[in-house]
Amino acid sequence: MNKIQVWIVEDDLDWLRGLVAYINKELDLEVVWTSSKPEDVRLALQNGLQQSTPADVVLMDIMLEGRPEGVLLAEEAALATGAKVIMLTSMEEKELIFRSFQAGAIDYQIKSDFEKLPEAIRSAYRSQSPINAAVAENMREEFRRLKQLEREFEVKKLGDLITPSELQLLDLIDQGYTQPQIADKLVVSIRTVKNHVNHILKKLNLSGSREAANKAKEMGLFHKKNDKDSTR
């Protein structure tokens, strides 16, 4: 039976020895190479270690020498060897989880759950690694955070484009006022209202005033305007 060839990169030497012994007890798994230093891993990859000692799966400690070097090494190892990379950590750091998957890792295991590693290695080898529930939730939270940041950026960008008087005009359009009614309410000419509307549409690259008003409302700009007005 061909064994699944495993590399381990781990800077805790006691834990590394224990992990090697634990994995090698499995009849279908074999640890063929280990390292505890990032520079040794990079040198081995540059010197073609994959040709002399091929890896099917790499267990990569995310924190090496006190830094998240494993994230960078995961990408380098995946590209150089074509092996499946499983990140190992004692933490459940959301940002590092997200970055690990961005770097090319296909699984993420907490060190305290080392009993799960043999099956995780087999699943990775078969390209069937399930993302455990905690990791999946952390990734969902990170996606939500990024989505919120994206929305806040869009709101700020729109808010910077629209002047207070233009926002007032859009607010009135949203309330159902016609352009003649807006002109009367603001004591300006209908031509001025039309010019403002055209200017807004050009800024937002939109085709209609109702669409522009809906966009401002969707972004919460009317709410922000009312909050400012109430504090005066």
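Along the sequence shown, the residues carry numbers beginning at 1.
A heavy-atom distance below 4.5 Å is not found between the side chains of T34 and V9. Using a 4.5 Å heavy-atom cutoff, the side chains of I121 and I86 are in contact. Looking at heavy atoms from C-beta onward, I23 lies in side-chain contact with I8 at the 4.5 angstrom threshold. A 4.5 Å side-chain heavy-atom check between T163 and K203 finds at least one atom pair inside the cut-off. Taking the side chain as every heavy atom from C-beta outward, D174 and L172 never approach each other to under 4.5 Å. Using a 4.5 Å heavy-atom threshold, the side chains of W33 and V58 count as separate. Between L204 and I162, the closest side-chain pair of non-hydrogen atoms falls below 4.5 Å. Two residues are said to be in side-chain contact when any heavy atoms from C-beta on lie closer than 4.5 Å; W7 and D56 fail this criterion.
Within a 6.0 Å radius of NZ in K116, other residues, nucleotides and ligands contribute 12 heavy atoms or fewer. For CG of N205, the number of neighbouring non-hydrogen atoms (other residues, nucleotides, ligands) closer than 6.0 Å is 12 at most. Y22 OH: more than 12 foreign heavy atoms inside a 6.0 Å radius. Within 6.0 Å of NZ on K215 lie no more than 12 heavy atoms contributed by other residues, nucleotides or ligands.
Inspection of the Q168 and S165 side chains reveals no N or O donor paired with an N or O acceptor under 3.5 Å. Looking at N24 and E26, their side chains never bring a donor and an acceptor atom within 3.5 Å of each other. Remark: the K194 side chain and the Q179 side chain contain an N/O donor-acceptor pair separated by less than 3.5 Å. Side-chain contact annotation: N214 with E218, donor-acceptor N/O pair under 3.5 Å absent.
In summary, D28 and K3 do not engage in a salt bridge, as defined by a charged side-chain N under 4.0 Å from a carboxylate O. One finds no salt bridge joining K37 and E69 here, because no Lys/Arg side-chain nitrogen approaches an Asp/Glu carboxylate oxygen to under 4.0 Å. A salt bridge links R126 with E119: at least one charged nitrogen is closer than 4.0 Å to a carboxylate oxygen. Using a 4.0 Å cut-off between charged side-chain N and carboxylate O, E39 and R42 make no salt bridge.
Going from atom CD of Q46 over to atom CD of E76 covers 8.0 Å, rounded to the nearest 0.5 Å. To the nearest 0.5 Å, atom CD of residue E10 and atom CG of residue L16 are 6.5 Å apart. Distance NZ/K111 to CD1/I62: 10.0 Å, rounded to 0.5 Å.
Partner of R17 under the side chain to side chain contact (heavy atoms under 4.5 Å, CB included) criterion, chosen from L19, V20, D14: D14.
V197 and V187 sit in two unconnected hydrophobic clusters of ILVMFWY residues. Membership requires side-chain heavy atoms under 4.5 Å apart, directly or through other members. Put simply, L221 and F153 are part of two different groups of oily side chains (I, L, V, M, F, W, Y) that touch within less than 4.5 Å, one to the next. Both L206 and L161 are members of a single hydrophobic cluster when ILVMFWY side chains are connected at heavy-atom separations under 4.5 Å. No single ILVMFWY cluster, assembled from side-chain heavy atoms under 4.5 Å apart, contains both M60 and L72.
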* To do: Please assess Q175 against D171 for the test side chain to side chain contact (heavy atoms under 4.5 Å, CB included), listing each intermediate value before the final yes or no.
  => CA-CA 6 Å; Q175 293 177 49; D171 195 1; 3.3 Å; yes
* Verdict with supporting geometry, L117 and L88, side chain to side chain contact (heavy atoms under 4.5 Å, CB included) -> CA-CA 10 Å; L117 280 174; L88 300 177; 3.6 Å; yes
* To do: Give the C-alpha distance, both sets of side-chain angles, the deciding distance and a yes or no for side chain to side chain contact (heavy atoms under 4.5 Å, CB included) between E154 and M219.
  => CA-CA 8 Å; E154 290 298 322; M219 291 294 183; 3.9 Å; yes
* **Stepwise side chain to side chain contact (heavy atoms under 4.5 Å, CB included) check, D184 with Q181** => CA-CA 5 Å; D184 289 342; Q181 289 172 329; 5.6 Å; no
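The nearest pair of heavy atoms linking V71 to M87 is N-CE, 4.1 Å. The two residues S36 and D11 make their nearest non-hydrogen contact at O-CB, 3.5 Å. The heavy-atom pair separating S35 from D40 by the smallest distance is OG-CB, 3.5 Å. Residues A216 and L170 approach most closely at CB-CD1, 4.1 Å, considering heavy atoms. Closest non-hydrogen pair, L201 versus G208, comes out as CD2-O, 3.2 Å. G66 and M63 make their closest contact through O-CE, 3.4 Å (heavy atoms, listed as atom of the first residue, atom of the second, distance).
Remark: the backbone N or O of W15 is paired with a side-chain donor or acceptor of D12 at under 3.5 angstrom. Judged by distance alone, with hydrogens and angles left aside, the side-chain atoms of T53 form no donor-acceptor pair with the main-chain N or O of Q50 at under 3.5 Å. Judged purely by atom type and a 3.5 angstrom limit, T192 has no side-chain atom pairing as donor or acceptor with the backbone of V188.
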